[in-house]
**Student:** 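I'd like to ask some things about the structure below.
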Amino acid sequence: SQATFGLALVDNIVFAMVVSSDNEVLEGWVLNADTNAASLYEWGAFNSLTRFDGSYYGATPEGLFELTGDEDGDDAIEAFVMTGVDNLGVEQDKRVIRGYIGVRTDGTLLFKTIVGNNVTRVYKLRSTNDSMMSRRLPLGRGVDSYYWQFGLENANGADFELDVIRVFPVVLGRRFR
């Protein structure tokens with residue numbers, strides 16, 4: 001098995017890396033240079049992707065295909081965003097019991113908290129009637145950790161646009177061990 005790494009600059013603002021093995025593309029990382037946001041794309045059939053005249057296309061040995069719609073064949077398109085693991089700027093254990101999210105969605109989203117000992121909690125967020133709005137996160141109590149990570153994913157292919165996640169840690173008296 002042979003792996004190939006390719007790098008490309010597109011539109012002078014996007015950095016992309018494609019990883020392939022035995023001519024099957026596995027994943028591509030894209031970095032938006034304006035926002036420093038990184039995105040991971042997974043696909044199997046395409047050997048290249050491009051944006052032309054405002055539309056996105058994928059190429060296979062069988063031809064060129066425009067990437068449109070809310071489904072991949074009959075399957076809903078899965079999407080997620082994960083933050084890095086972070087101590088939230090506090091050198092002590094903490095709890096996160098309050099937070100807000102600026103989001104637009106046409107369906108159900110799943111907000112996740114992951115803490116240092118791999119405890120994951122999942123909270124359902126309902127539709128925002130397709131308008132951007134700030135809403136309080138329904139975070140549970142009783143979890144404390146030095147490191148925290150947060151994620152947002154769509155359920156059943158729901159479309160979403162994320163503006164911001166704001167969390168407010170409660171610092172505990174003990175230092176990180």
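Nothing fancy with the numbering, it's 1 onward along the sequence. No experiment lies behind these values; they were computed from the predicted model shown.
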**Student:** Under the criterion side chain to side chain contact (heavy atoms under 4.5 Å, CB included), I'd like the reasoning laid out for Y57 against F65: C-alpha separation, chi angles, the key distance, then a yes or no.
**Tutor:** CA-CA 5 Å; Y57 299 90; F65 299 90; over 6 Å; no
**Student:** Step through the shown structure and confirm whether more than 12 heavy atoms of other residues, nucleotides or ligands are within 6.0 Å of CZ on R166.
**Tutor:** no
**Student:** Does R104 come within less than 4.0 Å of D159, counting only side-chain N to carboxylate O?
**Tutor:** yes
**Student:** Is the backbone of N87 close enough, under 3.5 Å, to the side chain of K94 for a donor and an acceptor to pair up by distance?
**Tutor:** yes
**Student:** I would like to know whether M82 and Q149 meet side chain to side chain contact (heavy atoms under 4.5 Å, CB included); could you show each step before the answer?
**Tutor:** CA-CA 7 Å; M82 293 293 292; Q149 185 174 24; 3.7 Å; yes
**Student:** If you count heavy atoms of other groups shown closer than 6.0 angstrom to CZ of R136, is the number above 12?
**Tutor:** yes
**Student:** When you compare the side chain of R121 with that of K112, does any pair of heavy atoms fall below 4.5 Å?
**Tutor:** no
**Student:** Under 4.5 Å side-chain heavy-atom separation, chaining through any Ile, Leu, Val, Met, Phe, Trp or Tyr, what else clusters with V119? Say none if it is isolated.
**Tutor:** V81, L88, V96, I101, V103, L109, F111, V115, Y123, L125, L137, L139, V143, W148, F150, L152, F160, L162, I165, V167
**Student:** Going from CG on L172 to CG on D144, what distance comes out if it is rounded to the nearest 0.5 angstrom?
**Tutor:** 5.5 Å
**Student:** For a 4.5 angstrom cut-off between non-hydrogen side-chain atoms, does L110 reach K124?
**Tutor:** yes
**Student:** Decide whether Y146 and V85 are clustered together by the hydrophobic rule: side chain heavy atoms of Ile, Leu, Val, Met, Phe, Trp, Tyr closer than 4.5 Å, transitively.
**Tutor:** yes
**Student:** Closest heavy-atom contact between A59 and L64?
**Tutor:** CB-CD1, 4.1 Å
**Student:** Where do G99 and F168 come nearest, in terms of heavy atoms and distance?
**Tutor:** CA-CD1, 4.4 Å
**Student:** Measure across S55 and E66 and return the closest heavy-atom pair with its distance rounded to 0.1 Å.
**Tutor:** OG-OE2, 3.2 Å
**Student:** Can you tell if the side chain of E78 reaches within under 4.5 Å of the side chain of E153, non-hydrogen atoms only?
**Tutor:** no
**Student:** Looking only at heavy atoms, what is the nearest atom pair of A158 and T105, with distance?
**Tutor:** CB-OG1, 4.0 Å
